[in-house]
2 protein chains.
Amino acid sequence: MEPPAPRRRVTIVDVARHAQVSTTAVSKVLRNAYGASPEMQAKVRRAIDELGYRPHAGARGLRGKTYTIGVMLPDIRNPFFPDVLDGITHTLQDTEYQVLLGPGDCGEKGEARVTEALIDRGMDGLILVAPLASRKRLDEVASAVPTVIVGRHGSSPAYDTVADDDVEGAALVVGHLAALGHRRIAHIEHLETDPTRLAEMPNARRADGYRQAMRAHGLEECIDVVSTSYTQEGGYRGAKELLERQGTHRPTAVFAGADVVAMGALEAITEAGLSVPDDISVAGYDNTTFAAFGPVSLTSVDQAGHEIGRNAARLLLERIADRHRPSVQVRLSPTLVPRRTTARAPE
Amino acid sequence: MEPPAPRRRVTIVDVARHAQVSTTAVSKVLRNAYGASPEMQAKVRRAIDELGYRPHAGARGLRGKTYTIGVMLPDIRNPFFPDVLDGITHTLQDTEYQVLLGPGDCGEKGEARVTEALIDRGMDGLILVAPLASRKRLDEVASAVPTVIVGRHGSSPAYDTVADDDVEGAALVVGHLAALGHRRIAHIEHLETDPTRLAEMPNARRADGYRQAMRAHGLEECIDVVSTSYTQEGGYRGAKELLERQGTHRPTAVFAGADVVAMGALEAITEAGLSVPDDISVAGYDNTTFAAFGPVSLTSVDQAGHEIGRNAARLLLERIADRHRPSVQVRLSPTLVPRRTTARAPE
DNA sequence: CACCCAGTGGGAAACGTTACCCATGGGCGC
DNA sequence: GCGCCCATGGGTAACGTTTCCCACTGGGTG
């Protein structure tokens with residue numbers, strides 16, 4: 001069977017004709033612009049309803065705004081990002097802005113491609129979540145369109161930032177484990193080689209925070225960092241390496257830099273025939289639904305993704321309204337959520 | 001510090017001037033259209049590279065195409081959807097099309113809003129994943145823009161569909177459990193009240209398939225369905241209800257309609273002090289990363305999300321190329337992935 | 001030698017919307 | 001009573017691209 005013929009779209013001209021006014025008048029009503037009397041408003045709105053008119057965003061973008069916010073997500077699988085997204089959509093849902101997501105496809109290349117695509121599609125503003133791009137590129141992006149960077153430290157006059165204090169989060173974990181009597185607390189980090197990103201990326205800050213906190217607790221000698229990656233497989237490899245350490249070199253607690261990493265670590269520990277938390281404690285980061293899941297019950301750090309998203313959306317709206325206001329950095333504090341994968345150190 | 005002044009975007013006019021040709025010529029080169037000599041092509045391409053020109057999708061959309069595909073995802077949290085998305089982006093990545101996601105925000109209302117937003121933003125085609133909308137609405141959407149519906153049964157001349165055979169999937173689970181000696185196999189389903197959707201939604205088909213398979217195995221007497229919802233909490237409630245059954249009414253195996261449901265069920269079973277799979281077997285559906293996670297190791301049904309996505313993208317490209325070709329229905333077969341949450345029935 | 005056609009290039013009008021500015025008319029201050 | 005200003009409405013030119021069609025060239029054909 002052949003599909004039915006597509007109908008022509010209702011345009012502003014149709015509305016104007018139907019309401020017996022000019023297109024300019026309709027446009028004014030649409031944008032709540034100055035210069036439309038209440039009667040005019042009513043007449044136009046009725047015509048809009050009767051015809052089922054909806055403005056064409058692309059055409060709007062040519063002169064004015066598209067009323068669209070683009071969000072670049074580096075990895076849809078990471079269960080932390082939906083929280084951020086919720087905060088964004090929630091803040092935007094009673095504005096006239098619509099959120100569209102660009103799937104970052106992992107990797108700097110794919111991320112750049114998606115970001116360009118969002119710009120080319122006339123987004124009024126961009127929220128980049130944990131971007132890998134260089135600062136120079138971020139500045140370029142921000143010069144093309146109002147931009148908020150989420151989850152990265154380091155500031156620029158060109159864009160606003162919202163981030164959680166990862167150093168503080170790491171300190172919370174180390175403090176918690178130390179209070180439970182652990183001394184040999186190891187950390188699985190995401191390997192970062194690019195020197196310019198080194199200080200800005202959350203993973204580097206967490207590793208840094210871990211080292212600082214260990215020293216603060218007089219555990220400098222016990223600092224033990226394994227570099228893999230923030231993936232389940234990275235956690236698995238990292239934990240395997242830690243478990244190979246002999247006797248008093250083997251850690252009694254593992255601080256994984258992300259919940260997915262903790263997942264991999266738990267898998268490796270289970271495979272090794274060890275028990276959590278009796279033989280070894282494990283803590284993650286992000287407080288994903290996975291961590292909250294009863295049978296897992298992973299101690300984790302809550303980043304308040306919803307709050308991050310809310311702030312990002314708010315800042316973006318502000319910046320769209322005034323591109324010249326000075327840039328803002330919002331830093332939020334994480335909280336520790338102790339669960340059943342951490343307990344008193346053995347012996 | 002004030003952000004730097006934004007630069008004007010490079011347009012096709014700039015390219016034309018720089019290459020000393022007409023804008024028409026540049027446009028032809030951009031679209032590989034007929035009527036541009038090799039020399040012209042080379043000259044224009046060089047100008048494009050030198051100026052770093054990228055076409056403005058919104059402006060293109062006004063006359064031609066935007067080279068953008070919109071994907072409506074009802075729930076980013078469901079770990080099954082990223083697989084589908086991967087299949088889509090993978091198929092599209094060496095075309096000139098870009099994928100943008102519309103977050104469905106759960107619920108028919110939000111879904112409708114996002115779908116409209118995608119249409120208004122000039123998408124060349126739409127992929128709707130497991131939409132809740134009525135058939136009438138789907139037909140309307142499809143009449144506005146080429147559309148592929150994923151994960152819903154029932155066909156229409158207006159759109160193509162790609163779906164997994166849920167009846168078959170349910171049969172795989174029941175067959176597996178029956179072969180392990182289970183007789184009292186219960187099912188936790190997602191309650192569906194809307195009669196028009198009843199036959200089309202995957203959840204209904206799974207419940208149906210469960211009943212058919214139970215009868216086929218001579219277990220008609222043991223059919224036991226609890227209606228909650230496809231959420232973790234729904235699984236928790238459903239399992240609690242099942243565990244309250246006394247003696248020989250209590251099931252020895254639970255077929256949860258989705259992995260998230262199985263998560264909730266596992267939580268309830270653990271809380272009740274029972275052991276999986278010794279006391280009770282549990283199977284899920286979707287084969288998410290959660291199911292594959294070692295310490296969980298949930299028996300599940302794999303829907304080949306990647307294949308679904310691939311097919312959806314392929315069909316959509318075909319339909320964009322020819323809006324008049326008859327509609328196509330692709331049905332894929334699921335496979336069972338037995339893991340450690342299912343074992344021989346007790347006694 | 002007139003004619004035609006294929007190949008190539010460009011001019012101009014769309015596409016749907018908004019920004020800018022001007023025209024009109026009535027009320028108000030002086 | 002005269003001029004001024006504000007409130008209201010509309011005309012028109014953008015915005016960046018594609019599509020439609022016409023013009024020109026040169027070579028082959030009748």
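Treat the numbers as computed from the prediction; the structure is a model and nothing was measured. Throughout, protein chains are lettered first and strands after them, A, B, ... in sequence-line order, and every chain is numbered starting at 1.
Atom pair A:Leu30:CG and C:dA19:P shows a separation of 11 Å (rounding to whole Å applied). The distance between atom CG of B:Leu62 and atom C1' of D:dG16, rounded to the nearest whole Å, is 9 Å. Protein atom CZ of B:Arg60 is 5 Å distant from nucleotide atom P of D:dT18, rounded to whole Å. Counting to the nearest Å, the P atom of C:dT17 and the CZ atom of A:Arg31 are 12 Å from each other. Rounded to an integer number of Å, the gap from OH of A:Tyr34 to C1' of D:dC6 is 6 Å.
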Self-check item: B:Asp139/B:Ser156 under side chain to side chain donor-acceptor pair (under 3.5 Å): CA gap, chis, key distance, verdict
Solution: CA-CA 7 Å; B:Asp139 276 334; B:Ser156 157; 2.6 Å; yes
Exercise. Please report the C-alpha distance between A:Lys28 and A:Gln41 in whole Å, then the side-chain angles of each, then the deciding distance to 0.1 Å, and finally whether the side-chain contact (heavy atoms from CB on, under 4.5 Å) criterion is met.
Key: CA-CA 9 Å; A:Lys28 280 176 183 166; A:Gln41 302 241 0; over 6 Å; no
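B:Ser27 has a side-chain polar atom (N or O) that falls below the 4.0 Å cut-off from OP1 or OP2 of D:dT18. Between D:dT19 and B:Arg63, no contact under 4.0 Å exists linking OP1 or OP2 to a side-chain N or O. Applying the 4.0 Å criterion to OP1 and OP2 of D:dT17, one finds that B:Tyr53 has a side-chain N or O inside that range.
Less than 4.0 Å separates DNA chain C from at least one heavy atom of each of the following residues of residues 12-25 of chain A: A:Ile12, A:Thr24.
A donor-acceptor pair under 3.5 Å is formed between the side chain of B:Thr68 and the backbone N or O of B:Thr66.
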